*Asks:* 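After the structure tokens below, expect a handful of questions from me.
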Amino acid sequence: MLKNFIDKTKYYYKLTKAKKIDTYLILAGVLGVIIGLYFSIAIINKIFAWFILFGIFIKLYDFTEKIERNIIPYDFNSLLPPPPKK
């Protein structure tokens with residue numbers, strides 16, 4: 001059951017990246033907030049602020065995944081001189 005949930009989550013994440021839904025969420029959220037501010041309707045601002053938040057979460061997750069993939073492992077033993085022999 002947990003494996004099925006993980007597989008579905010991976011599938012939907014890949015789908016959101018293929019369709020660039022994170023960008024559309026942010027754009028729709030900004031447009032909704034602007035409309036809510038123009039017409040002074042607070043509930044619209046609150047609803048569309050969640051769209052912005054979800055879009056930013058997806059972009060931040062992508063950013064951290066990209067950083068983790070690009071980390072170069074360092075061999076600290078080659079950087080430091082050998083300890084003095086006693």
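The shown structure was predicted, so the numbers you read here are calculated from the model rather than taken from an experiment. Heavy atoms only: backbone and side chains are in, while hydrogens, waters and symmetry mates are out.
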*Asks:* Which salt bridge (charged side-chain N to carboxylate O under 4.0 Å, His left out) pairs, counting each pair once, include a residue from residues 23-42, with sequence neighbours left out?
*Replies:*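 Not a single pair qualifies under salt bridge (charged side-chain N to carboxylate O under 4.0 Å, His left out).
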*Asks:* For Tyr24, enumerate each residue passing the side chain to side chain donor-acceptor pair (under 3.5 Å) test, keeping only those at least two apart in sequence or located in another chain.
*Replies:*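 Residues passing side chain to side chain donor-acceptor pair (under 3.5 Å) with Tyr24: none at all.
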*Asks:* Of all residues at least two apart in sequence or in a different chain, which pass the ring-ring contact (aromatic ring centres under 6.0 Å, His included) check with Tyr12?
*Replies:* none
*Asks:* I'd like to know if Leu15 and Phe5 are part of one continuous hydrophobic network [Ile/Leu/Val/Met/Phe/Trp/Tyr, side-chain heavy atoms within less than 4.5 Å].
*Replies:* no
*Asks:* Examine Phe39 and Phe48 and state if one hydrophobic cluster contains both, with Ile, Leu, Val, Met, Phe, Trp and Tyr joined whenever side-chain heavy atoms are less than 4.5 Å apart.
*Replies:* yes
*Asks:* Please, which pairs that meet salt bridge (charged side-chain N to carboxylate O under 4.0 Å, His left out) have at least one residue in residues 40-60, sequence neighbours excluded?
*Replies:* Asp22-Lys59
*Asks:* Would you say the side chain of Leu2 lies within less than 4.5 Å of the side chain of Ile6, judging by non-hydrogen atoms?
*Replies:* yes
*Asks:* What's the spacing between Ile26 CD1 and Leu31 CG if we round to 0.5 Å?
*Replies:* 13.5 Å
*Asks:* Spell out, yes or no, whether Ile21 and Tyr11 are grouped together once hydrophobic residues are joined by side-chain heavy atoms under 4.5 Å, including indirect joins.
*Replies:*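 No, no single cluster joins them.
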*Asks:* Testing Leu27, Leu25, Val30 for side chain to side chain contact (heavy atoms under 4.5 Å, CB included) with Ile52, which one passes?
*Replies:*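 It is Val30; the other options fail the test.
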*Asks:* Over all heavy atoms of both residues, which pair between Phe51 and Ala28 is shortest? Give the atoms and the distance, please.
*Replies:*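 Closest heavy-atom pair between Phe51 and Ala28: CD2-CB, 4.3 Å.
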*Asks:* So, using side-chain contact (heavy atoms from CB on, under 4.5 Å) as the criterion, who are the partners of Leu53 when residues are at least two apart?
*Replies:*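 Only Trp50, Phe57 meet the side-chain contact (heavy atoms from CB on, under 4.5 Å) criterion with Leu53.
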*Asks:* Kindly state each residue pair satisfying salt bridge (charged side-chain N to carboxylate O under 4.0 Å, His left out) with at least one member in residues 23-40, sequence neighbours excluded.
*Replies:* none
*Asks:* Do Ile35 and Ile43 sit in one hydrophobic cluster, given that two such residues count as connected whenever their side-chain heavy atoms are within less than 4.5 Å of each other, even indirectly?
*Replies:*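 Looking at the clustering, Ile43 is in the same group as Ile35.
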